[in-house]
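Predicted, not measured: the structure shown is a model, and the values here were computed from it. Numbers for residues simply follow the sequence, beginning at 1. Every heavy atom of this structure was used, including side-chain atoms; hydrogens, water molecules and symmetry mates were not.
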Amino acid sequence: MVLWISPMVGAVSIIPLAFAFIFIRKYNRRVKSLYAGVRKKLGNIGSFVQDRLAGILVTQSFGRRDHETEKFRENADHFYDSSVKASRLRNTYFPIVSVFGFINNVIMLGLGAWLIMNDSSLFSLGALLAYRGFWWRLQSPIRTIAQTSDILQRARAAATRIMELLDKPVSIKNESDARSLGSVNGAIDFNEVSFSYLQGKPILKQVSFSIKAGEFVAVAGGSGSGKSTLLNLIPRFYDVDSGSITIDGTQIKMVTLDSLRKKIGYVGQDHYLFDGTIWENLIYGDPAAAEEEIFSAAKKANAHDFILSLQNGYETQVGQNGVKLSGGQRQRLSLARAFLATPRILLLDEPTASVEPESEFLIHEAVLKRSRESGGTTVLVTHRIDLLRQAPRILFFDQGRLAADGAHHDLVEGCSAYAEAYLRWEVEEANQISVLR
Ligand SMILES: Nc1ncnc2c1ncn2[C@@H]1O[C@H](COP(=O)(O)OP(=O)(O)OP(=O)(O)O)[C@@H](O)[C@H]1O
Ligand SMILES: [Mg+2]
């Protein structure tokens with residue numbers, strides 16, 4: 001419209017606006033990396049706080065409060081510095097964009113007035129008034145463009161952080177032709193399985209064994225020999241590098257993750273309880289479970305009595321905002337949760353590694369009883385000597401290789417590495433018991 005009223009005044013007064021757009025583009029480029037930095041530093045603060053809160057007892061017990069406060073301050077300072085940098089740039093940007101608008105106004109008024117005063121046919125007082133009206137109307141869109149572009153840059157920095165996470169390749173996923181795993185008996189076969197977390201550093205080396213449906217098998221070996229890794233491969237928390245794992249003869253790679261994991265109960269050393277009641281935690285794997293089933297699972301895991309001894313029984317709040325339970329009690333709840341889901345295959349990773357002797361006995365008893373009564377398969381990582389003696393079969397791992405396979409007395413005689421390790425565990429346990437006494 002301004003060009004139509006007076007092409008010359010219109011063209012000249014539009015020049016600063018063109019500069020304003022070039023400036024906005026330049027600003028966007030610079031502010032983009034600043035906003036990305038602000039987001040990253042905010043993320044650092046978040047993960048620092050989460051990590052240090054989880055380990056607050058360690059911090060307190062080592063008297064490292066001041067050190068952690070200092071580290072938090074460093075993180076906060078980095079965030080503060082980059083936020084101030086971004087704010088400074090933003091606070092120079094908006095006035096500069098306004099200045100371009102102002103220059104546009106000055107040119108239009110100055111040139112217009114000069115043309116009118118010189119009686120030029122190119123411009124009139126009416127046109128000048130019309131221009132003034134347009135200018136006012138133009139101010140608001142220019143400001144909006146500047147503000148929107150700034151908001152977009154901030155949103156882009158936030159979205160980039162989210163996308164970084166979402167774009168991470170999903171390495172464990174269903175094959176395109178994966179089918180659902182139907183009911184299983186629980187036979188597990190490892191066929192020449194090799195696995196490494198990092199290329200060139202094999203953790204499991206050509207491991208082969210067969211576990212019959214309903215068998216109770218203990219897995220033993222030195223620290224770092226690959227026992228937890230072995231368990232993690234069965235529910236496909238990781239995929240094997242070579243070889244294959246089958247359940248009842250079906251390759252686990254060829255079935256859907258959900259259907260596979262539903263058949264497997266996994267109780268690790270970290271017995272996590274969600275924020276909620278004991279009841280809610282127990283039914284996590286089977287929300288439709290009937291009351292008798294829940295009580296029965298809790299009884300089998302030797303948890304029912306201690307639950308009833310709590311003031312609110314099954315309605316007791318546990319987890320982050322709930323009552324503090326002992327390690328053994330938490331472990332027994334984890335067991336009950338796994339029992340209730342009635343998995344055909346139960347994987348247990350050192351379930352008594354950090355529990356008091358009374359709970360240890362109750363957990364061992366619960367696991368052995370469940371194995372006898374349910375008919376399901378149990379694979380238990382342990383180096384507790386009483387369990388090793390009772391286990392009908394032990395898979396002994398040494399540096400990622402299956403070094404021996406058999407009952408305790410066979411291994412003591414036939415595998416010197418096992419005999420040595422067993423002696424070590426015996427001494428360790430004897431020391432632990434004498435400390436407790
Ligand atoms: N997520 C991981 N990324 C890289 N390396 C790992 C990872 N988890 C375990 N490892 C390495 O793999 C090896 C075997 O670990 P694994 O946890 O299976 O041993 P383990 O026999 O269960 O030992 P422990 O008795 O101490 O529990 C170790 O050297 C360990 O450092
Ligand atoms: Mg382990």
Side-chain angles (χ1 to χ4, degrees), residues 172-174 178 180-186 188 213-214 216 228 231-238 245 247-248 250 252 255-304 306-308 310 313-322 325 327-352 355 359 362-363 366-381:
I172 310 290
K173 54 184 176 201
N174 290 333
S180 177
L181 180 66
S183 62
V184 295
N185 288 322
I188 305 169
F216 181 97
S228 299
L231 283 203
N232 288 339
L233 294 179
I234 302 173
R236 278 189 70 199
F237 294 149
Y238 298 94
I245 302 172
I247 289 184
D248 287 359
T250 304
I252 57 171
V255 296
T256 57
L257 287 168
D258 267 2
S259 69
L260 170 71
R261 292 175 182 171
K262 282 218 162 85
K263 309 290 177 307
I264 299 171
Y266 178 90
V267 182
Q269 285 167 271
D270 180 19
H271 10 276
Y272 192 81
L273 296 177
F274 293 103
D275 205 18
T277 63
I278 288 183
W279 188 270
E280 285 162 352
N281 268 284
L282 291 181
I283 61 168
Y284 191 74
D286 183 7
E291 197 176 77
E292 312 83 72
E293 290 173 317
I294 296 167
F295 290 154
S296 157
K299 279 179 192 156
K300 281 184 196 151
N302 282 329
H304 184 70
F306 97 76
I307 296 173
L308 289 186
L310 298 169
Y314 279 82
E315 290 308 312
T316 305
Q317 285 284 333
V318 289
Q320 286 192 0
N321 299 319
L325 298 175
Q329 289 170 332
R330 298 169 75 83
Q331 183 63 279
R332 278 182 271 157
L333 286 186
S334 306
L335 266 190
R337 179 166 60 187
F339 286 177
L340 183 64
T342 54
R344 199 59 202 163
I345 298 169
L346 185 61
L347 308 176
L348 302 152
D349 195 353
E350 299 201 55
T352 55
V355 302
S359 282
L362 292 172
I363 291 166
V367 169
L368 292 169
K369 199 160 163 233
R370 184 259 176 200
S371 160
R372 277 194 302 271
E373 289 174 1
S374 75
T377 309
T378 308
V379 184
L380 164 74
V381 174

### Message
Does Phe306, at its CZ atom, have more than 12 non-hydrogen atoms belonging to other residues, nucleotides or ligands within less than 6.0 Å?
### Response
yes
Looking at side-chain heavy atoms only, is the closest gap between [X] and [Y] below 4.5 Å?
| X | Y | value |
| --- | --- | --- |
| Tyr266 | Asn232 | yes |
| Gln331 | Val267 | yes |
| Leu310 | Leu325 | yes |
| Leu335 | Pro351 | no |
| Thr277 | Tyr314 | no |
| Ile307 | Thr316 | no |
| Val381 | Leu231 | yes |

Donor-acceptor pair, distance only, cut-off 3.5 Å: does the side chain of [X] make one with the backbone of [Y]?
| X | Y | result |
| --- | --- | --- |
| Asn281 | Leu273 | no |
| Thr378 | Ser371 | no |
| Asp286 | Ala341 | no |
| Arg261 | Thr256 | no |
| Arg332 | Asn302 | yes |

What's the separation between atom [atom1] in [X] and atom [atom2] in [Y], rounded to the nearest 0.5 Å?
| X | Y | atom1 | atom2 | value |
| --- | --- | --- | --- | --- |
| Leu282 | Leu340 | CG | CG | 7.0 Å |
| Gln317 | Glu280 | CD | CD | 7.0 Å |
| Lys173 | Leu257 | NZ | CG | 11.0 Å |
| Ser180 | Leu260 | OG | CG | 10.0 Å |

Nearest non-hydrogen partners of [X] and [Y], listed with the distance:
| X | Y | value |
| --- | --- | --- |
| Ala366 | Ala301 | CB-CA, 3.8 Å |
| Pro343 | Lys263 | CB-O, 3.6 Å |
| Ala303 | Leu333 | CB-CD2, 4.4 Å |
| Ile264 | Pro235 | CD1-CA, 3.9 Å |
| Asn185 | Arg344 | O-NE, 2.9 Å |

### Message
Would Phe216 and Leu380 count as a side chain to side chain contact (heavy atoms under 4.5 Å, CB included) here? Give the steps.
### Response
CA-CA 8 Å; Phe216 181 97; Leu380 164 74; 3.6 Å; yes
### Task
Before giving the answer on side chain to side chain contact (heavy atoms under 4.5 Å, CB included), spell out for Ile247 and Val255 the whole-Å C-alpha distance, their side-chain angles and the decisive distance to 0.1 Å.
CA-CA 10 Å; Ile247 289 184; Val255 296; over 6 Å; no
#### Entry: His304 and Phe295 aromatic ring geometry - parallel, tilted or perpendicular at 30°/60° bounds
perpendicular
### Message
Working note: Lys299 + Phe339, criterion side chain to side chain contact (heavy atoms under 4.5 Å, CB included); need CA distance, chi angles, decisive distance, verdict.
### Response
CA-CA 10 Å; Lys299 279 179 192 156; Phe339 286 177; over 6 Å; no
### Query
Just one of Ile245, Leu181, Ile234, Leu233 clears the side-chain contact (heavy atoms from CB on, under 4.5 Å) bar with Ile252, so which one?
Ile245
